[in-house]
Protein chains: 2
Amino acid sequence: MTSQTTEDLRRRNLSRVLTLLHEEGARSRAELTREVGLSRSTMAGVVAELIGLGLVTESTPALTGGAGRPSGVVRLAEDVVAVAVNPEVDAVHVGLVGLGGRVVKHVRIETPDTEVATVVGLAAATVRGMLAGDSARVLGLGLAIPGQVRIGDGVVRQATHLGWSEVPIVDEVTKATGLRSWAANAATLAMRAESRFGAGKGVADLVYLIGGASGVGGGAVVAGQLLTGAAGYAGEFGHTVVRPGGARCHCGAAGCLEAEVDQATLLAAVGLDAADAGRLGRELTERLAGRGDEDPDSALAGLVEELAGLLAVAVRNAVNVLNPQAIVLSGFLAALRDAAPVDLVGDAVASIREGVEVRDAALGEEQLMIGAAELVWAELLADPAGFLLGG
Amino acid sequence: MTSQTTEDLRRRNLSRVLTLLHEEGARSRAELTREVGLSRSTMAGVVAELIGLGLVTESTPALTGGAGRPSGVVRLAEDVVAVAVNPEVDAVHVGLVGLGGRVVKHVRIETPDTEVATVVGLAAATVRGMLAGDSARVLGLGLAIPGQVRIGDGVVRQATHLGWSEVPIVDEVTKATGLRSWAANAATLAMRAESRFGAGKGVADLVYLIGGASGVGGGAVVAGQLLTGAAGYAGEFGHTVVRPGGARCHCGAAGCLEAEVDQATLLAAVGLDAADAGRLGRELTERLAGRGDEDPDSALAGLVEELAGLLAVAVRNAVNVLNPQAIVLSGFLAALRDAAPVDLVGDAVASIREGVEVRDAALGEEQLMIGAAELVWAELLADPAGFLLGG
DNA sequence: GTATTTTGTTCGTAAGTCGAACAATCTGCC
DNA sequence: GGCAGATTGTTCGACTTACGAACAAAATAC
C-alpha cells in the first residue's frame, strides 16, 4: 500500500526535505544535501519540484564567508498558511499560521453561547474576514477541541465544557468554510506544538501535562510518533487515579488527577481571579518565600506540597509506563512544580528515573494555534505533491 | 538515512513479503501478490530473491479446486532457526524457534546459582548440544531477562531476582556462543509473542499485563509498534501506583501494583504451592462457586474482589493513557480476573472504555521462547538481505 | 477435446537515484 | 587585477526497480 513504485521514493524525499525546513527553518541547498543525505543532482530535482508546488522559494545569495560557489537559501513560501480554530467556553480563537509554525494572525472572538451553529458560524465569518484582500494560499483548517475527538471522522464524542456530544465538527466546518479540515483534542495539539517547536523539540519520547481552567489534559510522543491510541483518545492523564476513592470527577470515576488537583483551588488560595491565572506562578513563589513585610505562607506551603504530591503520583505512573526522555509541564501545573519542593519523578523506578528531565513549557499563548495548524501540516508534509494535487 | 535509492524499494518489499509469511503462514504466490499489492512480475523477483537467501521455499502443487493455472505455495524455510534463552531463579530455559514462531526444541536446565558466568556457561553448552548433528541454520540468539535491559547495548541494569546489576549480558553471550545476540525484558517479550501470534494478534494498540512469582510486568503495542521508551524500560505497569502510601515495594516506592497484588497471597489463600501456580485459576473459580460439599468461600471472595479492585486501578490508568483496543492478561492476573466479578475498565473515561476488550492470554509455556526469538526475527524481517549478508 | 480461467514469464517502458565530468562563482593571495 | 583553490550547481549516462502488456502454461468447465 505505502511504497512500491519508484514514485514513492520521490514522495518520501519531498516529504523529508519539506519536513526538515518546517522543523528547522531555512537553510542552503548545500546544507540540505548534507543533512538529508541525497546527492546534489537529486536534491536539485526535489527542490525544483517543491518550488513548482509553490511550497518553498530559493533566494540567491547567502555569502557564508567561506570559499566556493554560494548556495541558494531554500526557505518556506510565506504565503502558504493554515487556519487554526479553538473554541472555548466564552470565545473562539481563530488564527492564520504559516508553514513552519509562524503565527500570522490571531484573534479572540467572544461568543454568546457555545451552540455548534453559533461557534461554526462565527469561526467561518472570521476566517472569511481574515482572508479578505489577502493573497495567502490557505491549505486547510485545524480545530483544537477541549474534549474527546474521534480520529478518522473528526466527530467530537464529548466536550463537557462546551456542552457538545457526538458533534460531527469536521463535517460542519468543512461545509461552512469550504476548507479541508481536521480536528483533535486541544491538549494533544498543545503538546504537538511543544514537541515540534518548544520544550519538547527533538525529543522522541515525551510526556506532556497541561493544567488549565477546564482541568488537566495531556499527550505523549512515543518513538517520535504522536500517541493517539486506537480511536484518538489517548493521553487522558487528567483521568488517571492519584487517590483511589478520592474526589468524584465529572468523568464518573473518583480520585482522578483532574478532580484532585485543580486550578481554582490554587487561585483561591492566593486570592487571584480566574482571569489572572497567568500570574499564578509568580504569586505562588513570592508568597511561599515571603515578600515585603509578610511572612512565608505556611498554610499555602502545605497545600502546594499536597497537590504536588498528588501530581507526582500521576507523573510517576506515566514515567514508569512510557519511559520518556522528558516531561513537559504547562499551565498551572508548571506553576505548581516551580513552587513546590517535590521531586516529581523521585518515586519512579531507578533506571527509568535517571534519564528523565522535567521541564516547563516554552511556548506561550499561541501554542494552540500552532498545534491546530500542525493538523494540516502533518497531512501536507506526509505527501506534499499528493496533498496539493487533490489527495 | 533510511530510504532514498531504488534498492530500498526492494528491501521494503522483501521485508513485507517475509513478514507476511512470518505472521500469517504459508500462502500461494497468487495470494501473496493480491495481499501485498505488487505486480506479478515483481512478486516473482521478490520470491526468487527470498528463495536465493534460503529463507523460503516454493512447492509446486496447491490444487485449490478453482480454474486456472495452479500457483506454487510459498512457505518459510524450516531449517532457519533462532536460539531463545530465558534465565530464571532456579533454571535456564533454552529453546530453538523457527521462523514463524514454531518452537522446535525447548529444555529447562537447572542451575546451581544465578552467577552470570554460570548461567552463560550453561546456556552456551546447551546450545552447542542442541545444535550438534543438526543441520539448522542459526541466525541469532534472543535473551528474555526478568529485569530491566537497556536497549542499544543490551546491558542488564537491574534484575533483582537474579541478583544481577549492570551486566553486559549481550556481550557475554555473544562471546560465549558466537551468535549475534539481543536481549530485552521478559514481560515485554511475552507480550511480543502474544501480540504476533496470540491473543493480541492484529491489534495495533495493545496493553499486556503478566503476573508471576516474581511480580507483575507488562508491555504495550502503540500504533503497531512495540513500546520501548527512550531507553527500553517502558511498560513497568507493575510499578504503577494503585494505593498511595500502601505496601512498600522493592523498587523503593510504596503502593505499587506489584507490591499490592501478588501471586503468593492468592496461592496461600487457596492453599496451593508455588509450583502449582498453573492450577490457581481453576482452584479460585471452584472455591468461589463452592464445590462438592463445601460452601462458597466468602473470605476468599473478599480477598479476590479487593485484589481485582486494585488491579482495576492500574488497568484504568493504562486505558485512559493509551486508549488501547485490547488488554491481555496473563499468569495469575488472568486467573484473578476470571474469578472476580469486577469490570476492570468500568471506571475509565466513557468514550475510551467502549472500545476496549479484556482478554486472557492465548499462548502457554512457550510464550517466552517465541518472544525471545522475535528479537532475532525483528532484525531479520526489517532487512532480510542485509541481515544475512552481514548487516 | 475445446473453451475458459488463472497464473507464471518475458520484455519493453517509465521513474528515480547516483556519480562523474564540467561549469559557475566565491575566497585568498600575490 | 589575475590566478589558484574550494565549493556548489548542472548535465548526462549507468543502474536499479517496478509496472503492464503480450504470451505461455496448466488447471477446470462443458
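Throughout, protein chains are lettered first and strands after them, A, B, ... in sequence-line order, and every chain is numbered starting at 1. A quick note: this is a predicted structure, and the numbers were derived from the prediction, not measured.
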By nearest-heavy-atom nucleotide on DNA chain C, the more 5' of A:L38 and A:G68 is A:L38
Do A:E49 and A:R10 pass the salt bridge (charged side-chain N to carboxylate O under 4.0 Å, His left out) test, and can you show the C-alpha distance, the side-chain angles, and the key distance before you say yes or no?
CA-CA 10 Å; A:E49 189 163 348; A:R10 176 52 66 97; 2.7 Å; yes
How many Å lie between CE on A:M43 and P on D:dT11, as a whole number?
17 Å
C:dT7, OP1 or OP2 - any side-chain N/O from B:R34 closer than 4.0 Å?
yes
Which whole-number value in Å describes the distance from A:E49 CD to C:dA15 C1'?
12 Å
Would you please confirm or rule out a distance under 4.0 Å between OP1 or OP2 of D:dC19 and any side-chain N or O of B:S39?
yes
Options C:dT17, C:dG8, D:dT17, nucleotide nearest the side-chain atoms of B:R69:
C:dG8
What is the distance from CZ of B:R29 to P of C:dT7, rounded to the nearest Å?
11 Å
Output the rounded distance in Å from CD (B:E58) to C1' (C:dT9).
13 Å
Start at the 5' end of DNA chain C and walk down; is the nucleotide closest to A:T6 or to B:A30 reached first?
B:A30
Measure from CZ on A:R11 to P on C:dT17 and round the result to the nearest Å.
12 Å
Any A:T5 side-chain N or O less than 4.0 Å from OP1/OP2 of D:dA18
no
Flag yes if more than 12 heavy atoms outside A:E24 fall under 6.0 Å of its CD atom; otherwise flag no.
yes
Within this structure, what is the CG-to-P distance between B:D8 and D:dA18, rounded to whole angstrom?
11 Å
Without decimals, in angstroms, what is the distance between A:R40 CZ and D:dC12 C1'?
14 Å
note: A:L32, atom CG; D:dT7, atom C1'; distance rounded to Å ~ 16 Å
Side-chain atoms of A:S41 come closest, of C:dT17, C:dG19, D:dC19, to C:dG19
Within this structure, what is the CD1-CG distance for the pair B:I370 and B:L189, rounded to the nearest 0.5 Å?
11.5 Å
Respond yes when some side-chain nitrogen or oxygen of A:S71 is under 4.0 Å from OP1 or OP2 of D:dG9, and no when none is.
yes
By nearest-nucleotide position on DNA chain D, the 5'-leaning member of A:A67 and B:E7 is A:A67
OP1 or OP2 of D:dC19 versus the side-chain N and O atoms of B:T42: is any pair under 4.0 Å?
yes
Looking at A:R11 and A:D383, is any side-chain nitrogen of the basic one under 4.0 Å from a carboxylate oxygen of the acidic one?
yes
Between A:N13 and C:dG16, does any side-chain N or O lie under 4.0 Å from OP1 or OP2?
no
Answer yes when B:R16 and B:E35 have at least one side-chain N-carboxylate O distance shorter than 4.0 Å, and no when they do not.
no
